[in-house]
Each structure stands twice: as C-alpha cells, then as structure tokens.
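A short worksheet on the structure shown next.
Read the numbers this way: they start at 1 and go in the same order the structure lists the ligands and their atoms. We use all heavy atoms of the structure for the numbers below, so side chains are in, but hydrogens, waters and symmetry mates are not.
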Amino acid sequence: MQTNLKYLLVSFIFLLTVFAYTQNPVEKFVVVLDAGHGGKDPGNLGSGFKEKDIALSIILNIGKALENHKDIEVIYTRKADVFVNLFERGKIANKADADLFISVHCNSFHKPVYGTETYVLGTKRSETNFNVAKRENEVIFLEEDFEKHYEGYNPNDPESLIAITLMQEDYLDQSILLASYIQDNFTNKLKRHNRGVKQEGFIVLHQTYMPSVLVETGFLTYRKEGIYLNSKKGQQEMATSIKDAVLKYKENINFESVSDLGQDDEETLVLIADTDNFFPDITFKVQIAASSRKLRTKPYNFKGLNEISRIKIAKTFKYYYGATSDYEKIKKQKDEALQKGYDSCFIVAYKNGAQITLEEALKSTSN
Ligand SMILES: [Zn+2]
C-alpha cells in the first residue's frame, strides 16, 4: 500500500512535469520587418528619390497585409522616419524570438544597372556584392559608440566581414529559401529584372539569430526603376511579392508548435509502468547540441526533429530531443538523432529538475 502511494505521488509529479512541457500555447509565426535607414540616415538619394521613405512605405504595406493573418505577428524596427542603429534592429528581432527578419532597401550604382536582388548573410562573396554591403553597412559610422556594438568591425575591410558572416550559417538554408521565393515573385509576377539571390556580410543580418534576408528592391540611380519604386503602385507591388513569399515560406518550413509529447508520455506511463525500463522519477533526454546561440525549438532548426527543449546554463544554451521516463524509448530517440546527423548526441537524466548521471538514474528504482 505504501509503495502504491509512493508510486502515485511520483506519477503525479511526473505528470506535472509532462504538463509543464506541453503547455506551450500555440505560437504565432513572428515576422520582424525592417525598413532600411531612417531619420538622419536617408540611405541613397539616386535620381532625387529617398531610399528611407521608399523602404518604409514598402515595409508598412507588407506589414498591413501580413497582419490580416491571425497566426502571424508583425513587429517593426521602425514605423516612422526615425534613426535606428543596426545593432538595435537585430536586438528587436532577437527579443521577439522572431521566425523571420526581413530588411528592405533600394540600391544605387554609378553605372546604369537595374534590377532586384535579395541577400542572405553568407560566405560566397564577390567584390560587387561587397560594395553593396559596404554601402549599407557604413551607416554604423552615424551611430554613437559603434565600436562597442560591433567589436572592432570595419566596413571598409573585406576581411573583417568574413568573420561575421560565419555566424548566421545555421539559418543559411532557410534564408536562401525565403530569398529565392522573393526573387521568384519579383521576376515572375512583376517581370522585374532578376539579379539573383546573393550572399554578403550585412551587419544588420549578422545581428539576428533567425532566418534573415535583405531585399534590394531596385536601383534608384536607374531613373525608370527609381520612378517605379517611388510610386504607390510600385511600392504596393513589391510589398505584395514579399508578403506572398513570406506566406509560401511559412507553409513550407513545417511550422509546428512543439510536439505531441504529452500524449505519448502519458501512454508510456500507463503501459510501461511495470517494466524494468521505466523510471518514474527520472526524465531522460537526448542532448543534441550546445551553443551560445539561442535557437527556436522548431523542427526546421533541428533537422526536422520535434520534441526539442532548450535550457540555458550560464552562457550556453543546451538543446535536447525527447523527454521521457522510459529508458527504452530514449535509446530509440538517441538512434533517431544519430541518424539525423547529431553524431555526438548522448542521453542525459534529470531527477526533480536536477541533472544526475545516467548511471545514478539507471540504478535508482522506486520499487
Ligand atoms: Zn539601404
């Protein structure tokens, strides 16, 4: 009888834990919209048009359209003609734990070139692209104490860009996916000249920890394109193309809220309670990664695995797959993680919220 009571008690605690895991309200898909420049930084002034105003108008149009979707939350880095530094823009996106970051700009060049291009932060760089990034990055000179925020980064030095481009690699695939949808829409729906999806070291993209793109909607210096981008029609059409690309992206990245973990584990509790593999007061997980970067616990960040949980220990985020008291189940989940390519994953054990060694966990029995 006493054993039964004890068992009931630990089961209850266990169910509370499971409950805590599954009580993630349905998360919205969060999009941060970033209108380039603003305030004392006008951006480029090709053909007499103002990049900062055109970028803002396009951004506000995108936001208005996305806000019609109940499962999407839109956050703006600026909604008016104000100066926001690049560091702050990234901070806004990270604080919101956003799913996407989209920065909108207009291009300029001293030769008569035109067309649209969308950038992701990456290492496949070229000199031409470096010049675009250099120009967009130079805004940091207008920022007070920029050295503090960008750790000695110098926009005039291509080498200092290489170091910063490595940071967004986790999101390269998703960023390229969105960038290609945007370019496809510009090209196929609007018949704009396609200059392609490109990689470069934009500081504003470096500051974020989610898939991020920077859209150069066209060249203000090319008068005909400048007139189009400066028109209401042009701004609305560009916005619609970007909005449609976001919706397509959202459908395609397997946006799921965190798992049906609870149900599985309750079943496990009932079915496996009597077997040797069940440790009612222990939670096993598979540690798959540790990083200084905070990632959303979405399947697209973890090679398609769901049931991901995240814990912050000191300055490190640890990422786990699965959560169960069934040792056989966690061993299977570890095999799954190995198959997905998490070669150095391993099983960890928690008792009353504290990590214990696997050996201790396996020795413990509540019978
Ligand atoms: Zn710009």
* Does NZ or CZ of Arg195 fall inside the cone over Phe219's six-membered ring, less than 6.0 Å from its centre and within 45° of the axis? ->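 The answer is no, since Arg195 fails at least one limit relative to Phe219.
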* How are the rings of Tyr114 and His193 set relative to one another: parallel (under 30°), tilted (30 to 60°) or perpendicular (over 60°)? -> tilted
* To do: Have a look at His37 and say which of its N, O or S atoms is nearest the Zn ion (ligand 1).
  => NE2
* **Atom nearest to the Zn ion (ligand 1) - Glu136, N, O or S atoms considered** =>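 In Glu136, the N, O or S atom with the shortest distance to the Zn ion (ligand 1) is OE1.
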* Just by distance, with hydrogens left out, do Asp34 and Ser103 show a side-chain donor and acceptor under 3.5 Å apart? ->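 Yes, because at least one side-chain N or O of Asp34 sits under 3.5 Å from a partner of the opposite role on Ser103.
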* Report yes or no: do Tyr321 and Asn306 form a side-chain donor-acceptor pair below 3.5 Å? => no
* Asked: How open is the angle at the Zn ion (ligand 1) from atom ND1 of His105 over to atom OE2 of Glu51, rounded to 10 degrees?
  ->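 Centred on the Zn ion (ligand 1), the ND1/OE2 angle is 100° (to 10°).
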